[in-house]
Amino acid sequence: MKPAPFDYRRPGTLAEAVASLAGEPNAKVLAGGQSLVPLLSMRLAAPSLLVDINGISGLDRIEVCEQQGVDGVRVGALARHAAVLASPDVRRVQPLVPMALAHVAHATIRNRGTTVGSLVHADAAAEMPVVLTLLGGHLEVEGPAGRRTIHADDLYIGPLESALSHDEIAVAAFFPALAPGAGVGFEEIARRHGDYALVGAAALVDGDSVKVGYLSVSDVPTVVDLSGVADADLGEAALEKLEPMSDIHATAAYRSQLVRVLTERVVRSVRKAA
Amino acid sequence: MTSKLMGQGVQRVEDQRFLRGQGRYVDDVAVEQDVLHAAVLRSPHAHARVLDIDVSDVLDVEGVHLVYTYEDLTGPMAEPLPLLIPHPALTEGRTQYALAKDEVNYVGEAIAFVVAEDRYIAEDAVSKIRVQYEFLPAVVGVDAARAATDLVHADVPGNIAAKLEQNVGDAVAAIAAAPHKLELELTIERSACTPMEGRGTVARWDRDLNRLQLWTSTQSSTGVRAAVAVKMGLDLGQVDVITPDVGGGFGVKINHPWPEELLVPLAARVLGRTVKFTEDRREHFISSAHERGQVQHIEVGFDDDGRLLGLNVEFWHDHGAYIPYGLIVPIITSTQLLGPYKPQNYRVYFESLYTNTVMVTPYRGAGRPQGCYAMERTMDAIAKYLGKDRAEVRAVNFIQPDEFPFDQGLIFQDGRELEYDSGDYPASLEKIKALVGWDEFPAFKAEMAAEGRRVGIGLACYVEGTGVGPYEGAHVHIETTGKVKVATGLTTQGQGHATVFAQLVADELGVKFEDVEVVTGDTRRMPYAVGTFASRAAVMSGSAIHLAAKRAKEKALKIAGEALEADPADLEIVDGVVSVKGSPGSSIDLGTVSVLSNPLRYAFDEASKAATQFSVGDPGKPPVPEDEEPGLEGRDFYSPERATFASGMHAVIVETDPDTAEITILKYAVVHDCGNLINPMIVEGQIHGGVAQGIGGALYERMAYDESGQLLNASFMDFLMPYVTEVPDGIDIDHLETPSPLNPLGIKGAGEAGVIPSAAVFAAAIEDAEAPYVPGLVITAMPISPSELYALRHSQGLENS
């Protein structure tokens, strides 16, 4: 359980970090390391270079702001899950973020792991990619050509695969604010406390619009529009758009049942809170 | 008079170190030194012929000191690893080689061994070894092994290592004649010990002393010592094995020698350097040992009261690719299955089968959880069939308190008769019913049902043979400072031996608890020992220590009697001071007695002057009397005729979610009888740990092998060992103390009990919770996950609706 050899750089500025990545197609960015380091240790990943961004100041900022005409909260690339979870601003502006973060692994992992890192790791079993997708947020990305924005809908391409190119660094994530009168909810079922969910569901209800995002159901975070569906039919309607998978922890049939239960449960929780 | 410590919940002396991170484990040994590190190339295939191993690329890697394959092994090292426990029925015993010879039989089998400057380089080197394989079909699981379409070992027909049958009376005839009969088909899957600390070995060859020092994370220092000496062609006296703190064993570390326990010292001797191997987690999953996998077929005949008339059990035991630990696990299943019951007529037959998976050696409970599962599921089935209370059906089958000693008529795992020494099962049943609220449960269940909640209760009983032989020994040395040094040879992996053994010594010698220091598992201090397994440490070493302390005390009183001019019978020892009973002025402390016990020519301090030749002794007699030895020491051994039998009963109340099939534990109750308690806090800690492990085995853990023999969940991410969050906040415990007549302390073992009834008790409770809603739902396979319970609701529910 020792990584294969790799080079390591710890630049002090974003520009240097981007420059470090240039010409290194097998380089990886190290932020919290909670997914990357185990992958290295198990030799499931063997990057040529690790670019550690922990020395870059200012990337840990969490701020309420407006982007592209939308109010929301911007979470910097070095903001730890724990800091985001504890932020009163985040809780006030977009309560779905802390609701979901409470389910992200365990306290020790949240103390080190970063929310943006989780977003770019692009694990369909993780909570935060679904949250960003459901809310229609985006990622700010810095590369050789400067900064660009990747909308959540364009971010997730396949299992553990995002739209970032190898020479880009995710700088921040933007979660749009909860609209007045809208409500959010998050439910998941995991085998053990802190495990990846067997199925998780995040809901955004705004007037007649009902959207539910699912984790651990498909290869990528998947949002289903359930607007106009009768409450009793929510689960079945969601399943028409989903194809739950089997693995060693749950059959597809059981995941389907959890989709039914959690869809109904999460929408009810939003309505109840409203 | 100091109050007796036996029976007191004395705080563990170990915890100060453990909780402050000051434990010293094998990986902490020799960290300051220039140590070389080992890594192992392990087979990625479950079954293959090894055609060629090319290590040429490794030799160029900077920092690599040594690469071994089978070709490099000679003499005894090139022979298969020992078959530790031979048995007449084990006709086809096969063990692996330290490094694979020609063939690999499970994913994880050691093929090559690299020693390098550090573990990083060693792993880099391992990845550069190229092996050519010819693939062979993998045999995975009991069904495939029984079908024997493919063979694990070409020369073992039917994949059968052993068949063993035992009979008491004529079970087949008794069942045929019985008024009622039932048949059950049960399976139970694999799990594993998964201690926090994996395996690890450090070796140093001392050229000046011409001897080997070996630190290893084992449950048997003396076993490793003997095996290493034989394999390396050394005399026992040239090999020291030291077991430092061990971060859990739970059985897996009783198997020995592991390939690395031989290859590390071999490399250390060849290189003249200290060499260390520290296993990583994935290695532990795929190259140590698992347990539990069995398929069972049960036929039972009984009367209208549910009284057993005949029991016929056949089971198939998956022991993996090799069988170094012999038939211990299936023999325990086949004998301990009977629990507290009288079967009248009993036949048991098992086959121990090879599969292309990690080998099976004892894991806490060691075959008993499977036996308990078979018996207790049978009791539940009888009760259901007769429409009787499950506790009542058990009660009519109990061995009664006046029937001890009770001979079950079978041969146990130690080759001796299965004769229960003591117990009181009706009393245990009353206690567990009261503790869990058995009689009040139907009302609670109805109340919950009214709220749409499903709850169920389960009960399971067991008897556990503990403290098996052959023996343990102890050495008690009272130093001239008055401090007492105790050594026993078996090892410690967190049980609290240093505490309970010190309690026994403090009581027997009359010294302060704080003045007693216990050393375990160091062959330099006690070279005669067996090991820590089968819930035997307290019974075996506890008794030996008690006896050794008694000898030291006798000697102390004799010497003190001479010094005080008193009859030893009139002396007592309190807090380390010997005095004449009733005349406290006439006294001598034990340190001074120790000084006097060793006649000196040379004084080395003020106190020792008292033992020099012009100060002490009768000039007409030899300074050391005949039949005596210098020094204030006692040494003794304890070797009982047979095991002592602890027992207990568990009950659990669970809730199953009607929608998600999630299983929640509402209450877990344990009644436990391990004879006289030395330290109730430690016994309860053992029960808590056992129950937690049992919950893992019943509801979370399994070894997910695919049909090609790949273990799909070889990490703590996918092997679902329960966290503290999955274990109930409180476990209700009540003790019963029926002393064992077999040892001087009246004690029985307590280490494994907590885990034994888990599969049985959870299957029963979940079935009970579901019964009103899914009539006919029967749980015949454990462990069970929510996904599986959901599937059962649909398959069996539809079938039975």
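Below, read A as the first sequence line, B as the second, and so on, with proteins coming before strands; counting in each chain starts at 1.
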Visitor: Roughly how far, to the nearest 0.5 Å, is the OH atom of B/Y700 from the CZ atom of A/R192?
Guide: 9.0 Å
Visitor: So, B/D718 versus A/H249: side-chain donor-acceptor pair below 3.5 Å or not?
Guide: yes
Visitor: Could you check which of A/P3, A/S41, A/A4 has the highest count of heavy-atom pairs closer than 4.5 Å to chain B?
Guide: A/P3
Visitor: What residue, out of B/T725, B/D124, B/D659, has the most heavy-atom pairs lying under 4.5 Å from chain A?
Guide: B/D124
Visitor: Could you check whether atom CD of A/E161 has more than 12 heavy atoms from other residues, nucleotides or ligands sitting under 6.0 Å from it?
Guide: yes
Visitor: Is it true that a side-chain atom of B/S787 and a backbone atom of A/T251 form a donor plus acceptor pair closer than 3.5 Å?
Guide: yes
Visitor: Could you give the distance from CE (B/M717) to OH (A/Y196), rounded to the nearest 0.5 Å?
Guide: 6.0 Å
Visitor: Enter the distance from B/Y790:OH to A/L258:CG here, rounded to the nearest 0.5 Å.
Guide: 8.5 Å
Visitor: Chain B heavy atoms under 4.5 Å from A/R260: which part of the residue, side chain, backbone, both or neither?
Guide: side chain
Visitor: Within a reach of under 6.0 Å around CD of B/E451, are more than 12 heavy atoms found that belong to other residues, nucleotides or ligands?
Guide: yes
Visitor: When you look at B/Y723 and A/H106, which way does the side chain to side chain contact (heavy atoms under 4.5 Å, CB included) test go after all the steps?
Guide: CA-CA 11 Å; B/Y723 303 127; A/H106 306 272; 3.6 Å; yes
Visitor: From B/H37 NE2 over to A/K2 NZ, what is the distance, rounded to the nearest 0.5 angstrom?
Guide: 8.5 Å
Visitor: Tell me, for B/S715 versus chain A, whether the close heavy atoms (under 4.5 Å) come from the side chain, the backbone, both or neither.
Guide: neither
Visitor: So that I can tick it off, tell me whether B/E726 and A/R191 are bridged by a salt bridge, with the cut-off set at under 4.0 angstrom between side-chain N and carboxylate O.
Guide: no
Visitor: Between B/A39, B/S127, B/S785, B/P786, who has the most heavy-atom pairs with chain A when the cutoff is under 4.5 Å?
Guide: B/P786
Visitor: About how many Å separate CD of A/Q257 and OG1 of B/T660, when rounded to the nearest 0.5 Å?
Guide: 8.0 Å
Visitor: Just verifying a value: how many Å separate A/I248 CD1 and B/N713 CG, rounded to the nearest 0.5 Å?
Guide: 4.5 Å
Visitor: Is it the case that over 12 heavy atoms from other parts of the model lie below 6.0 angstrom from the CZ atom of B/R281?
Guide: yes
Visitor: Could you tell me whether a side-chain N or O of B/E123 sits under 3.5 Å from a main-chain N or O of A/M1, the two making a donor and an acceptor?
Guide: yes
Visitor: State, to 0.1 Å, how close B/Y120 and A/R43 come at their nearest heavy-atom pair, and which atoms those are.
Guide: O-NH2, 3.5 Å
